[in-house]
Amino acid sequence: IPHNTFYIDGFLVTSYYRYGTVVHDATRPANVIEVAHYDHSPFSGNGFNGAWGTYPYLPSGLIISSDIEGGLFVLQPTYVHACWLEGTITDQSTTMPVSQAQITLSGVAADTQSGLDGHYATGYHQAGFYDVLVSAPGYEDQAIAGVSLQNGVVAQLDVALVPLTPFAWSGQVLETGTNAPVPFAQLAMESADYSFQTVADANGVFQWPALYADTYTISAGQWGWHTYCTSGASIDQNTPPLTINVDPGYMDDFSFDLGWQIASTASTGAWERGVPVGTFLNGSPSNPDEDVAGDCGEEAYVTGNGGGQAGDDDVDNGSTILISPVFDVSGLVAPRVEYQRWFFDGGGNGMPNDRLDISLTNGTDT
């Protein structure tokens with residue numbers, strides 16, 4: 001957490017709470033680089049400890065920093081200009097800019113991404129020769145060895161990336177045991193760089209017209225069948241069509257939107273599907289920041305998912321109802337419903353009054 005910044009001759013001097021006292025070179029305002037740091041706090045992470053005031057304007061050039069727990073620190077700075085690395089990432093075939101390309105300097109914390117215009121800006125405080133890796137979804141990685149960085153100098157490195165050749169890939173979703181097609185199943189493929197979704201046709205047949213070779217997590221879901229997911233699937237243009245077998249039965253881990261309905265009168269805290277964001281009450285967790293272990297994906301239904309304190313986005317001034325799609329268990333011998341839940345009722349000025357109701361209805365009886 002930065003707290004009070006001073007400008008002196010092109011540099012920024014900041015008291016950074018638990019991170020200590022920090023100097024940045026702001027000579028190039030669009031490419032500000034940390035060039036000096038003294039951590040005089042034993043604490044780490046976010047929190048209001050450590051450096052809460054600094055002053056760089058003494059005639060001696062010394063910096064004085066006050067530490068909440070540690071007292072006064074007197075520092076002798078050496079103001080050294082950064083080594084800047086800047087350039088533009090383009091498509092080798094079209095010469096158009098490539099946005100969101102990742103630029104990494106080997107061995108140092110100086111990663112950055114290119115903007116919409118393909119431009120990037122990064123740097124480091126220490127001169128030397130660095131290997132630079134440029135990667136972007138849909139392109140071959142490009143490594144540039146031995147890029148020279150010098151203090152006070154802007155090194156220009158423009159890189160034209162070679163586009164990958166996309167390929168089509170298909171398959172079918174079938175019911176385990178009967179091999180009957182599962183109509184209109186939803187499918188997703190996720191990797192570190194790519195995310196693809198599609199919906200199967202009435203015969204359970206699906207196709208992605210343009211994929212890129214990578215290692216994927218593949219999942220498929222439809223109401224009336226158990227969700228399928230597998231990770232570590234290496235897919236390229238030589239991979240044969242995929243047959244996905246799903247077990248019959250009603251199951252939903254919320255990897256996909258399978259048609260649950262929400263009815264809400266509450267002013268805050270309406271049900272929503274997403275990756276849970278943790279909340280806290282007096283510093284202790286009141287809502288977990290992750291889905292239940294052991295199912296596909298990371299999504300769950302949460303009553304308000306804005307994070308922060310327990311009362312920031314909880315259910316208030318009304319109710320919120322989550323309603324499943326219809327399911328038919330009339331042909332089962334011993335039908336049952338199982339579910340995972342997390343319910344927290346606390347705070348409320350000592351009088352918490354929330355309630356969680358679970359009910360089954362056939363449209364007539366509840």
Side-chain angles (χ1 to χ4, degrees), residues 10 12 24-35 80-170 187-198 207-218 231-240 242:
L12 304 177
H24 288 82
D25 185 353
T27 305
R28 298 178 66 78
N31 192 7
V32 176
I33 304 297
E34 180 183 320
V35 293
V80 177
H81 283 294
C83 311
W84 295 283
L85 178 66
E86 301 178 10
T88 302
I89 311 300
T90 57
D91 183 305
Q92 187 184 76
S93 299
T94 66
T95 70
M96 296 295 291
V98 175
S99 64
Q100 295 185 316
Q102 186 76 20
I103 297 90
T104 304
L105 273 67
S106 63
V108 300
D111 297 359
T112 191
Q113 285 190 336
S114 59
L116 292 175
D117 58 357
H119 183 73
Y120 73 91
T122 185
Y124 198 55
H125 67 274
Q126 186 173 341
F129 293 91
Y130 296 90
D131 296 338
V132 179
L133 177 65
V134 182
S135 59
Y139 293 88
E140 295 181 8
D141 292 352
Q142 186 163 336
I144 303 93
V147 176
S148 176
L149 298 184
Q150 300 298 322
N151 294 100
V153 177
V154 179
Q156 185 75 23
L157 181 64
D158 300 327
V159 178
L161 294 177
V162 178
L164 295 172
T165 302
F167 59 91
W169 194 53
S170 62
L187 296 106
M189 293 180 63
E190 306 281 344
S191 75
D193 292 324
Y194 307 109
S195 177
F196 301 103
Q197 290 81 35
T198 192
Q207 183 178 48
W208 278 287
L211 294 182
Y212 297 104
D214 208 341
T215 300
Y216 291 93
T217 294
I218 304 173
S231 59
S234 182
I235 308 299
D236 59 29
Q237 60 269 26
N238 299 315
T239 304
L242 176 66

* Residues Gln237, Thr165; criterion side chain to side chain contact (heavy atoms under 4.5 Å, CB included); working and verdict -> CA-CA 9 Å; Gln237 60 269 26; Thr165 302; over 6 Å; no
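- Among Ile89, Thr90, Thr88, the single residue meeting the side-chain contact (heavy atoms from CB on, under 4.5 Å) criterion with Val159 is Ile89.
- Listed by first and then second residue, the side chain to side chain donor-acceptor pair (under 3.5 Å) pairs that reach into residues 143-163 are Ser148-Gln150, Gln156-Asp158, sequence neighbours excluded.
- Scanning for side chain to side chain donor-acceptor pair (under 3.5 Å) contacts around Thr217 gives an empty result, with sequence neighbours left out.
- If you take CZ on Phe196 and CH2 on Trp169, they are separated by 11.5 Å, rounding to the nearest 0.5 Å.
- Scored by the side-chain contact (heavy atoms from CB on, under 4.5 Å) test, Ala188 finds Glu190, Gln197, Ser219, Phe256 as partners (sequence neighbours excluded).
- Scanning for ring pair (Phe, Tyr, Trp, His ring centres under 6.0 Å) contacts around Tyr212 gives Tyr194, with sequence neighbours left out.
- Taking CG of Leu242 as the start and CD1 of Ile218 as the end, the distance is 5.5 Å to the nearest 0.5 Å.
- A distance of 14.5 Å separates OG in Ser231 from OH in Tyr216, rounded to the nearest 0.5 Å.
- Checked against salt bridge (charged side-chain N to carboxylate O under 4.0 Å, His left out), Glu34 has no partners two or more places apart in sequence or in another chain.
- Among all heavy-atom pairs drawn from Asn31 and Thr122, the shortest one is ND2-O, 2.9 Å.
- Shown here are the side chain to side chain donor-acceptor pair (under 3.5 Å) partners of His24, two or more places apart in sequence or in another chain: there are none.
- Here the closest heavy-atom approach between residue Asn238 and residue Asp236 is recorded as N-OD1, 2.9 Å.
- Residues Tyr120 and Leu157 meet the side-chain proximity criterion, which asks for heavy atoms closer than 4.5 Å.
- In this view, His81 and Phe11, Asp25, Thr27, Trp84 satisfy the side-chain contact (heavy atoms from CB on, under 4.5 Å) rule, not counting sequence neighbours.
- Among all heavy-atom pairs drawn from Leu164 and Pro166, the shortest one is O-CD, 3.4 Å.
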Tell me which donor-acceptor pairs under 3.5 Å the side chains of residues 129-144 have, and how far apart each pair is, sequence neighbours excluded?
residue	atom	partner	partner atom	Å
Tyr130	OH	Gln126	O	2.8
Asp131	OD1	Gly146	N	2.9
Tyr139	OH	Asp91	OD2	2.7

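- Taking the side-chain contact (heavy atoms from CB on, under 4.5 Å) definition, one finds that Ala155 meets it with Leu85, Leu149, sequence neighbours left out.
- The shortest non-hydrogen separation linking Val35 to His125 is CA-CB, 3.7 Å.
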Result block: side-chain N/O donor-acceptor pairs under 3.5 angstrom for residues 109-118, not counting sequence neighbours:
residue	atom	partner	partner atom	Å
Gln113	NE2	Gln102	OE1	3.3
Ser114	OG	Val98	O	2.7
Ser114	OG	Gln100	N	3.2
Ser114	OG	Ala101	N	2.9
Asp117	OD1	His119	N	3.0

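- The side-chain heavy atoms of Phe167 and Thr239, taken from C-beta on, include no pair separated by under 4.5 Å.
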